[in-house]
Amino acid sequence: MINAAQPIIGDEEREAVDRVMRSGMLAQGPEVAAFESEFSSVVSGLHCVAVNSGTSALHMGFLAAGVGPGDEIIVPSFTFAATANAVALAGATPVFVDVDIDTFTMDPAAAEAAITSRTKGIMPVHLYGQPADLVALSGIAERHGLILFEDAAQAHAASLDGRPVGTWGVASSFSFYPTKNMTSGEGGMVTTADVEVARRLRLLRNQGMEKRYANEIVGFNTRMTDIHAAIGRVQLTKLAGWTATRQRNAAFLSEAITEVVTPPTAPGAVHVFHQYTVRIEGHDRDAFAAELMKRGIGSGVYYPTPIHRLPSFALDLDLPVTDTVAAQCLSLPVHPALSDDDLQTIAETVNAVARAGS
Ligand SMILES: *Cc1c(COP(=O)(O)O)cnc(C)c1O
């Protein structure tokens with residue numbers, strides 16, 4: 001059986017947790033501070049504020065940038081629900097737009113067409129590790145006086161035109177959930193170039209306090225623990241190697257898979273292949289996945305239901321590309337633990353199932 005995803009936890013991670021446990025300081029402390037300063041190398045030295053999840057990172061990012069009730073934030077509907085949940089949790093309204101069929105990321109023309117007098121910001125998602133069209137989207141944000149946010153939960157160390165994701169928006173969010181390209185167990189990071197936004201983030205995650213018991217604003221407890229930060233610090237040292245392996249695995253699959261639509265990388269983009277997602281045309285996708293499973297290949301559907309159609313939002317919108325990709329997308333194993341034989345088997349099995357007309 002070849003698994004769809006596989007977190008890689010080694011002795012160093014275990015030793016790092018043990019070190020923190022022995023120190024007796026478990027909550028946010030020196031490990032979190034070190035993780036923040038080390039992660040800033042991924043985002044050209046920007047301010048990094050660690051929190052307890054990627055969802056909290058998005059939520060705190062909106063609040064720190066002044067997003068609230070009455071504001072609209074433009075987001076893709078083809079994403080994980082956390083993207084839109086975070087907008088709603090900040091008191092704002094997610095406005096769902098369509099995606100580009102090749103990159104699965106926000107369609108800039110659709111985003112521009114959705115701007116109203118209430119629009120406060122635009123938040124593309126770097127889905128599967130492919131940067132959204134940040135050049136077009138930051139241009140649109142600038143022309144209309146909007147704030148650009150980035151949901152970079154799946155895109156650690158991806159970049160466009162040499163500029164890392166997480167450095168284009170006023171606030172950008174990463175996730176360290178176990179299936180992401182690197183993990184801290186649970187965790188998230190907000191990155192920003194704005195020192196005032198960074199300060200508000202530090203207040204918001206810690207009950208509004210910078211100085212103990214001198215609470216300046218109403219805040220949350222969304223702190224990361226030193227235990228999680230210690231895991232994240234070790235994983236960060238492995239990120240570059242794992243990313244290179246994911247990219248090599250993806251290149252192999254794109255060469256060898258001939259019978260379904262393989263994912264192109266946009267010009268100028270460094271895609272970090274959190275997922276390797278093909279489109280299954282002319283077959284029932286779920287039957288295709290079941291047939292792969294029967295032949296020992298795990299796969300995943302991210303995401304079967306567009307967010308605007310979920311009971312939590314239940315909006316009647318016409319987003320045809322979103323509906324198409326939600327019906328056709330299938331993520332194949334691409335994680336760094338795959339062997340050359342695994343990759344060969346994946347490609348041959350996908351081609352065979354497609355030819356058999358599953
Ligand atoms: C994982 C993910 C999140 C949320 O991160 P958590 O750490 O699970 O809270 C947000 N957006 C996207 C696109 C994700 O993949």
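On a predicted model such as this, the values are computed, not experimentally measured, just so you know. Read the numbers this way: they start at 1 and go in the same order the structure lists the ligands and their atoms.
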Exercise. For Arg212, does the CZ atom have more than 12 heavy-atom neighbours from other residues, nucleotides or ligands under 6.0 Å away?
Worked result: no
Exercise. Do other residues, nucleotides or ligands put more than 12 heavy atoms under 6.0 Å from the OH atom of Tyr177?
Worked result: no
Seminar exercise, completed: Which of Leu330, Thr262, Val325, Val260 passes side chain to side chain contact (heavy atoms under 4.5 Å, CB included) with Arg279? It is Val325
Shortest protein contact, [atom] (heavy atom only):
atom: atom 4 (C) of ligand 1; value: Thr55 OG1, 3.6 Å
atom: atom 15 (O) of ligand 1; value: Gln154 NE2, 2.8 Å
atom: atom 2 (C) of ligand 1; value: Lys180 NZ, 2.7 Å

For this session: State plainly whether the residues Arg200 and Glu216 are in salt-bridge range, i.e. N to O under 4.0 Å.
Result: no
Exercise. When the ring centroid of Phe174 is compared with that of His156, is the distance short of 6.0 Å?
Worked result: yes
Exercise. How does Leu127 reach ligand 1, if at all, at less than 4.0 Å between non-hydrogen atoms: by side chain, backbone, both, or neither?
Worked result: neither
Seminar exercise, completed: Counting heavy atoms under 4.0 Å, the part of Val125 that contacts ligand 1 is side chain
Is there a polar contact between ligand 1 and [X], counting only N or O atoms under 3.5 Å apart?
X: Tyr177; value: no
X: Leu58; value: no
X: Asp151; value: yes

Any idea which atoms of ligand 1 are less than 4.0 Å away from a heavy-atom of [X]?
X: Ala82; answer: 3 (C), 4 (C), 10 (C)
X: Thr79; answer: 13 (C)
X: Gly54; answer: 5 (O), 6 (P), 7 (O), 9 (O)

Problem set entry | Separation between NE2 of His126 and CD of Gln154, rounded to the nearest 0.5 Å | 10.5 Å
Seminar exercise, completed: One should read off an interatomic distance between Ile346 CD1 and Leu343 CG, to the nearest 0.5 angstrom, of 5.0 Å
For this session: Tell me, please, which residues at least two apart from Val17 pass side chain to side chain contact (heavy atoms under 4.5 Å, CB included).
Result: Met21, Ile227, Ile231
